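Everything numeric here is computed off the predicted structure, so don't read it as measured data.
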Amino acid sequence: MASASHAPTPLLKDELDIVIPTIRNLDFLEMWRPFFQPYHLIIVQDGDPSKIIRVPEGFDYELYNRNDINRMLGPKASCISFKDSACRCFGYMVSKKKYIYTIDDDCFVAKDPLGKDINALEQHIKNLLSPSTPFFFNTLYDPYRVGADFVRGYPFSLREGVPTAVSHGLWLNIPDYDAPTQLVKPLERNTRYVDAILTIPKGTLFPMCGMNLAFDRELIGPAMYFGLMGDGQPIGRYDDMWAGWCTKVITDHLGLGVKTGLPYIWHSKASNPFVNLKKEYNGIFWQEELIPFFQSVSLPKEATTVQKCYLELAKQVRAKLGKVDGYFNKLADSMVTWIEAWDELNPPKGGVPTANGPPKK
């Protein structure tokens, strides 16, 4: 057995960044110290760049504010949202690691039914390192977990599964509700701990929440654009939803998997439903057009990379959603800008051409 002085190395210690968007001091990290301290943090400061953000001692981190984003991206910085947690996707872009875990600063360590602290990051890593089964549903949930397997009737030809691109975690206490639901259920709390992980089937969309989310940056990173939200935009609180819809369409096309379920975090604070309603108002109407759009999207077989898929998706957003509102023409432009900025900061390895042409010398 390992002694206390020879503790096991944390999983993927040198292959994962933790991305945190914030406007405040990061005191919440003290609770996460046992789980997060071995990892590198990327903090994306939203709002006033002159404000000093305090980070507890002992954490390895880099911090970017709006001035840094403008300096690094130049005119392309227009694709990064301001005064909205959607700014977190800048952290995905500047990371050089294979995996990303992102969490909000009002999310604390949850406890399992036995009262033990849940290491959310460790469970996300386990999810990402085991295959997904998007082509055939296993009624015993994740067959790769200890104590589970494929049930009778599951095709043997599909039992190897496919690589997992996204691990979508859940929340105890404050559920991730929209403003109308918050208003009619102001006291509702999620107290149900469900010990399950599911692969979301191919062809099925889902509402992705960015507050407890991990993904394989090399497999799906360029699709994790959280859109144009917040300051100067007619919509908010749909940043993670937009990324989730785009990501799911692309993972389906490329034969990758998305898991949802464990791990849980403790969501500590309900946001103001009246403020949320102002942000969500347009989105509540638009999503009735957006969902059928994403359900019917077809990507060409020539779209063999995430970047190519995303640029094709931007074309279809302009052609079909531009009729819903002019905002979507602007969003389509930003989707293209995002890919251009991503490729500039992440030049291809080994001379593989990018979606925008040959690699730069």
Side-chain angles (χ1 to χ4, degrees), residues 18 20-22 24 26-36 85 88 101-128 130 132 137-148 164 166-201 204-215 237-241 244 258-277 279-280 283-284 287:
I18 300 173
I20 306 168
T22 193
R24 58 180 63 88
L26 294 180
D27 301 326
F28 92 114
L29 285 173
E30 289 294 355
M31 179 177 275
W32 287 102
R33 188 181 290 277
F35 307 131
F36 286 2
S85 64
R88 78 176 77 218
Y101 174 54
T102 185
I103 186 171
D104 285 3
D105 59 16
D106 62 349
C107 294
F108 301 148
V109 177
K111 292 185 182 294
D112 67 17
L114 299 177
K116 182 182 177 183
D117 285 350
I118 297 169
N119 184 346
L121 181 54
E122 181 180 55
Q123 182 62 57
H124 274 298
I125 291 170
K126 289 178 180 178
N127 292 350
L128 290 171
S130 65
S132 292
F137 189 79
N138 192 54
T139 52
L140 203 54
Y141 312 124
D142 191 334
Y144 304 104
R145 292 186 73 195
V146 174
T164 300
V166 180
S167 172
H168 178 257
L170 300 175
W171 348 267
L172 292 172
N173 196 36
I174 307 294
D176 186 29
Y177 285 162
D178 53 37
T181 308
Q182 281 184 292
L183 286 167
V184 297
K185 294 184 172 181
L187 301 180
E188 185 155 292
R189 299 293 181 266
N190 181 32
T191 59
R192 295 182 4 156
Y193 180 97
V194 180
D195 186 12
I197 302 162
L198 305 174
T199 294
I200 301 174
T204 300
L205 297 173
F206 75 111
M208 190 175 83
C209 172
M211 74 172 88
N212 176 26
L213 178 72
F215 60 92
R237 284 174 54 84
Y238 274 83
D239 51 333
D240 42 8
M241 302 293 162
V258 177
K259 291 184 177 183
T260 187
L262 299 181
Y264 285 93
I265 51 85
W266 180 269
H267 187 204
S268 66
K269 186 178 66 178
S271 48
N272 186 310
F274 297 101
V275 173
N276 290 348
L277 188 58
K279 294 178 180 180
E280 295 173 1
I284 289 169
Q287 71 184 15

Please, which pairs that meet salt bridge (Lys or Arg N to Asp or Glu O under 4.0 Å) have at least one residue in residues 205-214, sequence neighbours excluded?
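Applying salt bridge (Lys or Arg N to Asp or Glu O under 4.0 Å) to every pair that reaches into residues 205-214, excluding sequence neighbours, yields nothing.
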Report yes if the side chains of [X] and [Y] come closer than 4.5 Å at any heavy-atom pair, otherwise no.
{"X": "Leu170", "Y": "Leu262", "answer": "no"}
{"X": "Thr199", "Y": "Phe137", "answer": "no"}
{"X": "Ile284", "Y": "Pro180", "answer": "yes"}

Under the criterion side chain to side chain contact (heavy atoms under 4.5 Å, CB included), I'd like the reasoning laid out for Ile197 against Arg145: C-alpha separation, chi angles, the key distance, then a yes or no.
CA-CA 9 Å; Ile197 302 162; Arg145 292 186 73 195; 3.6 Å; yes
Classify the ring geometry between Phe206 and His168 as parallel (under 30°), tilted (30 to 60°) or perpendicular (over 60°).
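Rings of Phe206 and His168: perpendicular, as their planes differ by over 60°.
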Under 3.5 Å, is there a donor on one side chain and an acceptor on the other for Tyr264 and Gln123?
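No donor-acceptor contact under 3.5 Å links the two side chains.
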Short side-chain donor-acceptor distance under 3.5 Å, Ser130 and Lys259:
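Yes, side-chain donor-acceptor contact under 3.5 Å.
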Met211 backbone acceptor or donor facing Asp104 side chain under 3.5 Å
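No: the side chain of Asp104 does not pair with the backbone of Met211.
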Trp32 and Leu26: CA distance, side-chain angles, deciding distance, side chain to side chain contact (heavy atoms under 4.5 Å, CB included) verdict
CA-CA 11 Å; Trp32 287 102; Leu26 294 180; over 6 Å; no
Between Thr191 and Leu172, is a side chain to side chain contact (heavy atoms under 4.5 Å, CB included) present by the stated rule, with each step listed?
CA-CA 6 Å; Thr191 59; Leu172 292 172; 6.0 Å; no
By side chain to side chain contact (heavy atoms under 4.5 Å, CB included), which residues pair with Ser85, not counting sequence neighbours?
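Residues passing side chain to side chain contact (heavy atoms under 4.5 Å, CB included) with Ser85: Pro21, Arg88, Asp239.
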Contacts of Asn276 that satisfy side chain to side chain contact (heavy atoms under 4.5 Å, CB included) - sequence neighbours left out:
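Here the qualifying residues are Ala179, Gln182, Arg237, Ser271, Glu280.
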Between [atom1] on residue [X] and [atom2] on residue [Y], distance to nearest 0.5 Å:
{"X": "Leu29", "Y": "Phe36", "atom1": "CG", "atom2": "CZ", "result": "7.5 Å"}
{"X": "Asp142", "Y": "Leu198", "atom1": "CG", "atom2": "CG", "result": "8.5 Å"}
{"X": "Cys209", "Y": "Asp176", "atom1": "SG", "atom2": "CG", "result": "4.0 Å"}
{"X": "Ile125", "Y": "Leu128", "atom1": "CD1", "atom2": "CG", "result": "8.0 Å"}
{"X": "Lys269", "Y": "Asn173", "atom1": "NZ", "atom2": "CG", "result": "13.0 Å"}

Tyr144, OH: over 12 other non-hydrogen atoms inside 6.0 angstrom:
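Enclosed: over 12 neighbouring heavy atoms sit under 6.0 Å from OH of Tyr144.
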Minimum heavy-atom separation for Pro143 and Asn138, please, with both atom names.
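Closest approach of Pro143 to Asn138: CB-ND2, 3.6 Å.
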Quick one: closest heavy-atom pair of Pro263 and Ala120, and the distance?
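Distance-wise, the nearest heavy atoms are CG-O, 3.3 Å.
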Side-chain donor/acceptor pairs under 3.5 Å, residues 105-116, sequence neighbours excluded:
residue: Asp105; atom: OD1; partner: Arg24; partner atom: NH1; Å: 2.9
residue: Asp105; atom: OD2; partner: Thr22; partner atom: OG1; Å: 2.6
residue: Asp105; atom: OD2; partner: Arg24; partner atom: NH1; Å: 3.1
residue: Asp106; atom: OD2; partner: His267; partner atom: NE2; Å: 3.1
residue: Lys111; atom: NZ; partner: Asp117; partner atom: OD1; Å: 2.6
residue: Asp112; atom: OD1; partner: Leu114; partner atom: N; Å: 2.9
residue: Asp112; atom: OD1; partner: Gly115; partner atom: N; Å: 3.0
residue: Asp112; atom: OD1; partner: Lys116; partner atom: N; Å: 2.9

Excluding sequence neighbours, so at least two apart, what forms side-chain hydrogen bond (donor to acceptor under 3.5 Å, both in side chains) with Asn212?
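Applying side-chain hydrogen bond (donor to acceptor under 3.5 Å, both in side chains) to Asn212 gives Tyr101, His124.
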Go through the structure and list residues passing salt bridge (Lys or Arg N to Asp or Glu O under 4.0 Å) with Glu188, not counting sequence neighbours.
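Once residues adjacent in sequence are excluded, the partners of Glu188 under the salt bridge (Lys or Arg N to Asp or Glu O under 4.0 Å) criterion are Lys185.
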Kindly indicate, with the supporting measurements, whether the criterion side chain to side chain contact (heavy atoms under 4.5 Å, CB included) is fulfilled by Leu121 and Ile103.
CA-CA 10 Å; Leu121 181 54; Ile103 186 171; over 6 Å; no
